[in-house]
Amino acid sequence: MKAKYGKWLVGALVAAATAVAAWGLAQQQSLIFLATQFNNVEESQRMKDAILKNFRGSVDFLPQAAGPFTDRVLAEFRANRVNTALLGGLHGDFPPLQVAGALDNVDDIMNNLKGRKFTRDYIKLGKLGTNNQLYIPWMQATYIMVANRQALQYLPPGVDINRITYKQLAAWGANITRATGQRKLGFPAGPTSLIHRFLQGYLYPSYTSSTVTRFRGGVATEMWQDFKEVWQHVNPQSVSYNFMQEPLLSGEVWVAWDHIARLRDALTQKPGDFVAFPAPQGPSGRGFMPVLAGFSIPKGTANRAQAAALIEYLTRPEVQIETLKQNYFFPVIDIKLPDDLSPGLKMIAATITRQANAPFAITTLLPVGLGARGGDFNKVYIDAFTRIILRNQDITSALDIEAANLRRIMQETKAPCWAPDPVSDGPCPVN
């Protein structure tokens, strides 16, 4: 009897120890946070070391490009093995997941965050055209211009830097080239640059009030001709620049356009050497592209509660400010920016306000509904740029070729138009 009892007791103790060990292992498992943001090494490291530092839990932060991001989420969902707990993406990253039914309703989490005072328009965008919250705003950014103060003396007479046009930018570049013997304008046109966002969100809307529909035609031809005039005074090394902060700091470039996070080092290290100002405007106004990122939870994840806790943490006012300080993405909640903000960040904040609030501003959303074809969409604009600007091909012929590629992508993805193009019934048309 005692032997049987002893065996039972040993078995019970082993089972209990196994259960405790399994529970402990579950507690130690990292929450998988898959994101399309903070992809470069420095931003990712600051996210892990500083922004996530005080979160009470283990987070495996995995930044990926948009295509692999979409593929992984859909693969896990379709296999009914959802290991990812939290998604962090741009507004345009979520619609393909929504269409597949892979996003969880996060109304309950949004209700628990009512005191956060999110920007109302961003809450609406997070519903993705439905009555339910499918993503929660995380952070926002945009793209601006920066100039070395040495360049200001060469501004054409009477030009207001805060309302400069593309033609005036070309004249400014010409003045600098004549005075210095060097081409000092700069655009990021390297292999991992964001030149496609400049074309989609800034240049095209400023001339055509469109990104897709009016890809070619008389106005688009005029636009490319004007940009060719600008490019005559762009530093030849621009085709190798991915971030403009380095050439600005080295003095290779005096006037540059880029994402605010990619201008970070220049404005942090030498704020007194630079001025920030809005992007140029064209005949239709000033195109600009706000970059809104949000959180979503994949349907079927086993770690929903911890994902909700991480959303709560990353939307706290102090963490939103830390995200701004570390990676130059601005808060999406109504909070007062601290007085001790760096001069560079104060300069950016003022520029963003001027750029977005101008009466002639043309808000351009990031591409929506393209899913894994986002890279193909971007390639159309990069290829048009390469043909017209770098290879000096005939503008009309180049646009005809790339318009056919663009039309095929829109038809195959069935993606409807997004701002500033008017709402479409079906795939966004390409003239």
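Computed from a predicted model, the values in this text were never measured in an experiment.
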Going by atom types only, do [X] and [Y] share a side-chain donor-acceptor pair under 3.5 Å?
{"X": "K184", "Y": "N148", "answer": "no"}
{"X": "N303", "Y": "Q306", "answer": "no"}
{"X": "N235", "Y": "R183", "answer": "no"}
{"X": "D421", "Y": "S210", "answer": "yes"}
{"X": "Y204", "Y": "T364", "answer": "no"}

Whether the side chain of [X] engages the backbone of [Y] through a donor-acceptor N/O pair (distance < 3.5 Å, no angle test) should be reported.
{"X": "T353", "Y": "A349", "value": "yes"}
{"X": "R46", "Y": "Q326", "value": "yes"}
{"X": "S193", "Y": "N242", "value": "no"}
{"X": "S238", "Y": "V234", "value": "no"}
{"X": "S240", "Y": "Q237", "value": "yes"}
{"X": "R304", "Y": "A85", "value": "no"}
{"X": "T130", "Y": "N132", "value": "yes"}
{"X": "Q133", "Y": "I123", "value": "yes"}
{"X": "T119", "Y": "Y122", "value": "no"}
{"X": "Q320", "Y": "L314", "value": "yes"}

Partner set under side chain to side chain donor-acceptor pair (under 3.5 Å) for [X], not counting sequence neighbours:
{"X": "K379", "value": "D383"}
{"X": "T36", "value": "D93"}
{"X": "Q37", "value": "none"}
{"X": "T221", "value": "none"}

Reported [atom1]-to-[atom2] distance for the pair [X] and [Y], which is rounded to 0.5 angstrom:
{"X": "L370", "Y": "E412", "atom1": "CG", "atom2": "CD", "result": "11.5 Å"}
{"X": "L31", "Y": "D60", "atom1": "CG", "atom2": "CG", "result": "9.0 Å"}
{"X": "L52", "Y": "D49", "atom1": "CG", "atom2": "CG", "result": "9.5 Å"}
{"X": "I348", "Y": "R264", "atom1": "CD1", "atom2": "CZ", "result": "9.5 Å"}
{"X": "R354", "Y": "I161", "atom1": "CZ", "atom2": "CD1", "result": "9.0 Å"}
{"X": "I144", "Y": "T351", "atom1": "CD1", "atom2": "OG1", "result": "5.0 Å"}

Compute the centroid of each ring, for [X] and then for [Y], and state whether the two points are separated by less than 6.0 Å.
{"X": "F187", "Y": "Y241", "result": "no"}
{"X": "Y207", "Y": "W224", "result": "no"}
{"X": "F198", "Y": "H259", "result": "no"}
{"X": "Y202", "Y": "Y166", "result": "no"}

Would the number of heavy atoms belonging to other residues, nucleotides or ligands and lying under 6.0 Å from CG of N131 be above 12?
no

More than 12 non-hydrogen atoms from neighbouring residues, nucleotides or ligands closer than 6.0 Å to CG on D340, yes or no?
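Above 12, so yes.
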
[X] and [Y]: which non-hydrogen atoms are nearest, and at how many Å?
{"X": "L134", "Y": "N105", "answer": "CD2-CA, 4.3 Å"}
{"X": "I32", "Y": "N83", "answer": "CD1-O, 3.7 Å"}
{"X": "A50", "Y": "E322", "answer": "CB-OE2, 4.0 Å"}
{"X": "N327", "Y": "M47", "answer": "ND2-N, 4.2 Å"}
{"X": "V430", "Y": "M410", "answer": "CG2-CG, 4.2 Å"}
{"X": "P278", "Y": "M145", "answer": "O-CG, 3.6 Å"}

Distance-only donor-acceptor hits, side chain of residues 63-75, under 3.5 Å, sequence neighbours excluded:
residue, atom, partner, partner atom, Å
T70, OG1, A66, O, 3.1
R72, NE, E76, OE2, 3.1

Who are the side chain to side chain contact (heavy atoms under 4.5 Å, CB included) partners of [X], not counting sequence neighbours?
{"X": "P416", "result": "S424"}
{"X": "K270", "result": "L249, D273, F274"}
{"X": "H196", "result": "L194, Q200, N378, I382"}
{"X": "E246", "result": "F243"}

What class does the angle between the rings of F33 and W138 fall in, given that below 30° is parallel, 30 to 60° is tilted and above 60° is perpendicular?
tilted

What is the ring orientation for Y381 with F377, classed by angle as parallel under 30°, tilted 30 to 60°, or perpendicular over 60°?
tilted

Between L103, L292, L87, which is the residue that forms a side chain to side chain contact (heavy atoms under 4.5 Å, CB included) with Y135?
L292

Considering only heavy atoms from C-beta outward, does the side chain of [X] approach that of [Y] to under 4.5 Å?
{"X": "F330", "Y": "I352", "answer": "yes"}
{"X": "P427", "Y": "T413", "answer": "no"}
{"X": "P280", "Y": "Q168", "answer": "no"}
{"X": "F215", "Y": "V380", "answer": "yes"}
{"X": "N40", "Y": "E43", "answer": "yes"}
{"X": "T208", "Y": "T213", "answer": "no"}

Contacts satisfying salt bridge (Lys or Arg N to Asp or Glu O under 4.0 Å) that involve residues 152-175 (not counting sequence neighbours) are K167-D226

Sort and list the pairs that fulfil salt bridge (Lys or Arg N to Asp or Glu O under 4.0 Å) and have at least one residue in residues 111-130, not counting sequence neighbours.
R116-E312

May I ask you to say whether K336 pairs ionically with D339, meaning some side-chain N is under 4.0 Å from a carboxylate O?
yes

Between D258 and R197, is the closest basic N to carboxylate O distance under 4.0 Å?
no

Pairs where residues 296-323 contributes a residue and the test ring pair (Phe, Tyr, Trp, His ring centres under 6.0 Å) is met, not counting sequence neighbours:
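Matches after skipping sequence neighbours: F55-Y313.
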
Would Y143 and Q355 count as a side-chain hydrogen bond (donor to acceptor under 3.5 Å, both in side chains) here? Give the steps.
CA-CA 10 Å; Y143 308 76; Q355 181 166 271; over 6 Å; no

